[in-house]
*Asks:* 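Questions regarding the structure given below will be posed in turn.
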Amino acid sequence: MKVFYSDLDNTLIYSYKHEIGERRKCVEVYQGREISFMTEFTWRVLKTLMEKLLFVPVTTRTLEQYQRIQLGISMPSYALVCNGGILLKDGEPDRCWYEESLRRIQEARTELELGMELLRADEKVCFEVRFVEKLFVFTKSAKPQETAERLRERLNLKLVNVFCNHKKVYVVPRGLEKGTAVRRLQEILDCKEAIAAGDSLFDLSMMDVVNVGFAPLDLREEAGCVKNVEFLSGGVFSDLLMERLIDAK
């Protein structure tokens, strides 16, 4: 069976702030508010594709944040959360996978702790500094590019990566890339054919380890040497992606 690895936010589902048209389904409620949606077309096609593809969500969301998402279709047999540091099997965390993730990033622990110290001292930071499941560091900054640059100047970039996405700032150990997690899971599944989709820098590494990847056109400049990516434009990315997956069945 072919495997479909997909990011969630801005790839399959969208914040209430994002215009995706009126024909949409709520897939996430938080504190009584509907905050994330999926187009009806994407939902309908994904539900059909899951009969022929093994759909594996791959997200930087925490376990708690992932569990808030209710797609209204069958639960994926596998999901990778916390940027791949945690594997869910039928919704339950795999302890051995998590322990192996911690082992793989042990060398970066000092840099992660330094990253937290630097962020707590940064006046631009406007959110609590979180050490997510002891895997990576996350916060928000009023000046994310400036905050990220200060981190890059002080941290050992051979051991960690620094990313910013809108106001969000991440310090992620090398070895916790989505691509690494996909490669690990591929070995377990023993599947020879896989596709991946995503909208951000976090997602490029998993596109680099599958047969073909799909990304929005505005990610092209960031893709660098990742060769097997098809860039889509001209509408809501999730709908364009579903159209391509129908063609590729």
Side-chain angles (χ1 to χ4, degrees), residues 1-15 25-30 35-38 42-43 46-106 130-138 163 165 168 170 172-173 175-191 193-200 202-207 209-210 213 238 241 245:
M1 177 177 285
K2 184 184 296 185
V3 187
F4 171 41
Y5 296 98
S6 182
D7 176 50
L8 293 174
D9 294 274
N10 298 315
T11 298
L12 294 180
I13 70 176
Y14 295 89
S15 161
K25 296 177 67 70
C26 177
V27 294
E28 182 181 12
V29 176
Y30 180 58
I35 63 170
S36 294
F37 295 84
M38 175 182 279
T42 294
W43 180 85
L46 181 62
K47 182 179 180 182
T48 301
L49 289 175
M50 285 181 67
E51 299 173 3
K52 299 181 180 181
L53 298 175
L54 178 60
F55 168 50
V56 180
V58 186
T59 178
T60 308
R61 282 183 175 234
T62 64
L63 176 57
E64 179 185 359
Q65 291 168 338
Y66 172 76
Q67 289 174 331
R68 290 202 306 254
I69 298 173
Q70 299 296 322
L71 297 181
I73 53 183
S74 57
M75 176 186 294
S77 299
Y78 298 92
L80 290 161
V81 303
C82 292
N83 219 49
I86 294 176
L87 171 68
L88 304 181
K89 292 183 177 179
D90 296 320
E92 295 297 321
D94 183 308
R95 185 69 190 178
C96 292
W97 179 283
Y98 175 61
E99 290 175 352
E100 173 63 15
S101 296
L102 291 177
R103 186 193 67 78
R104 286 171 176 251
I105 66 171
Q106 182 59 39
R130 295 178 178 175
F131 193 15
V132 180
E133 301 290 351
K134 299 181 180 179
L135 292 167
F136 64 89
V137 178
F138 165 78
F163 298 98
N165 185 9
K168 299 175 183 177
Y170 301 84
V172 182
L176 196 71
E177 300 86 2
K178 287 185 178 182
T180 301
V182 166
R183 189 182 293 110
R184 289 171 63 188
L185 186 54
Q186 282 286 88
E187 292 175 358
I188 294 172
L189 299 176
D190 194 28
C191 289
E193 191 172 1
I195 53 182
D199 73 296
S200 75
F202 282 113
D203 304 311
L204 290 174
S205 63
M206 67 175 173
M207 297 181 204
V209 299
V210 297
S238 67
L241 173 63
L245 294 183

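Residue numbers start at 1 and run along the sequence shown. Computed from a predicted structure; not experimentally measured.
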*Asks:* Check the pair V81, E133 against side chain to side chain contact (heavy atoms under 4.5 Å, CB included), reporting the backbone distance first and the verdict last.
*Replies:* CA-CA 11 Å; V81 303; E133 301 290 351; over 6 Å; no
*Asks:* Taking atom CD of E64 as the centre, does the number of heavy atoms from other residues, nucleotides or ligands within less than 6.0 Å exceed 12?
*Replies:*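 Result for CD/E64: open.
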*Asks:* Give a yes or no answer on whether the side chain of W97 reaches the backbone of G84 with a donor-acceptor pair at less than 3.5 Å.
*Replies:*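 Yes.
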*Asks:* Any side-chain heavy atom of L88 within less than 4.5 Å of one from L63?
*Replies:*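 They are in contact (side-chain heavy atoms under 4.5 Å apart), so the answer is yes.
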*Asks:* For the atom pair CG (L245) and CD1 (I195), what is the distance rounded to the nearest 0.5 Å?
*Replies:*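 Answer rounded to 0.5 Å: 4.5 Å.
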*Asks:* State, with a plain yes or no, whether a side-chain heavy atom of V3 is found less than 4.5 Å away from one of E193.
*Replies:*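 They are not in contact (no side-chain heavy atoms under 4.5 Å apart), so the answer is no.
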*Asks:* Can you see which heavy atom on Y98 is nearest to which on I86, and at what distance?
*Replies:*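 Answer, listing the atom of Y98 first, then I86: CD1-CG1, 3.9 Å.
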*Asks:* Would you indicate whether the side-chain heavy atoms of L176 and R104 approach each other to under 4.5 Å?
*Replies:*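 No, too far: nothing below the 4.5 Å cut-off.
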*Asks:* To check you understand the geometry: which heavy-atom pair defines the closest contact between E28 and S36, and what is its length?
*Replies:*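 Of all heavy-atom pairs spanning E28 and S36, the closest is OE1-OG, 2.6 Å.
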*Asks:* Tell me, please, which residues at least two apart from F163 pass ring pair (Phe, Tyr, Trp, His ring centres under 6.0 Å).
*Replies:*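 Per chain and number, F163 pairs via ring pair (Phe, Tyr, Trp, His ring centres under 6.0 Å) with F202.
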*Asks:* Could you check D199, T42, T11 and say which one makes a side chain to side chain donor-acceptor pair (under 3.5 Å) with S238?
*Replies:*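 Exactly one candidate clears the test, T42.
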*Asks:* Quick one: which residue pairs count as a ring pair (Phe, Tyr, Trp, His ring centres under 6.0 Å) with a foot in residues 49-79, not counting sequence neighbours?
*Replies:*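 Qualifying pairs: F4-F55.
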*Asks:* Can you see which heavy atom on A181 is nearest to which on L80, and at what distance?
*Replies:*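 Closest approach of A181 to L80, heavy atoms only: CB-CD1, 4.0 Å.
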*Asks:* Got a second to check how far T62's OG1 is from R130's CZ, nearest 0.5 Å?
*Replies:*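 Taking OG1 in T62 and CZ in R130, the distance rounds to 7.5 Å.
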*Asks:* Roughly how far, to the nearest 0.5 Å, is CG of L102 from CD of Q106?
*Replies:*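 Atom-to-atom, Q106:CD and L102:CG are 8.0 Å apart.
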*Asks:* By the salt bridge (charged side-chain N to carboxylate O under 4.0 Å, His left out) test, which pairs, at least two apart or in different chains, include something from residues 70-89?
*Replies:*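 The answer is K89-D94.
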*Asks:* Under 4.5 Å between any side-chain heavy atoms of Y170 and F138, yes or no?
*Replies:*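 In short, these two side chains touch, coming nearer than 4.5 Å.
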*Asks:* For the residue pair Y5 and V209, establish whether any side-chain heavy-atom pair is separated by less than 4.5 Å.
*Replies:*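 SC-SC contact between Y5 and V209 ruled out.
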*Asks:* Show the nearest heavy-atom pair for residues G198 and D7, with the distance to one decimal.
*Replies:*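 Closest approach of G198 to D7, heavy atoms only: CA-CB, 3.8 Å.
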*Asks:* Between L135 and N83, is there a side-chain heavy-atom distance shorter than 4.5 Å?
*Replies:*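 N83 vs L135: side chains apart.
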*Asks:* Quick one: which of K47, M38, M50, K25 gives a side-chain contact (heavy atoms from CB on, under 4.5 Å) with L71?
*Replies:*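 Output: one option passes, namely M38.
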*Asks:* Taking atom CG of N165 and atom CG of N10, what is their separation to the nearest 0.5 Å?
*Replies:*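 That separation rounds to 7.5 Å.
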*Asks:* Looking at CD of E51 and CG of L46, how far apart are the two atoms once the value is rounded to the nearest 0.5 Å?
*Replies:*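 Atom-to-atom, E51:CD and L46:CG are 11.0 Å apart.
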*Asks:* For a quick test of reading the model, state the closest non-hydrogen atom pair linking S77 to L54 and the distance between them.
*Replies:*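 Answer, listing the atom of S77 first, then L54: CB-CD1, 4.4 Å.
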*Asks:* How long is the span from the OG1 atom in T180 to the CD1 atom in I105, to the nearest 0.5 Å?
*Replies:*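 It is 11.5 Å, given to the nearest 0.5 Å.
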*Asks:* Indicate the atoms forming the closest heavy-atom contact of A194 with Q186, along with that distance.
*Replies:*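 A194 and Q186 have their closest heavy atoms at CB-NE2, 3.6 Å.
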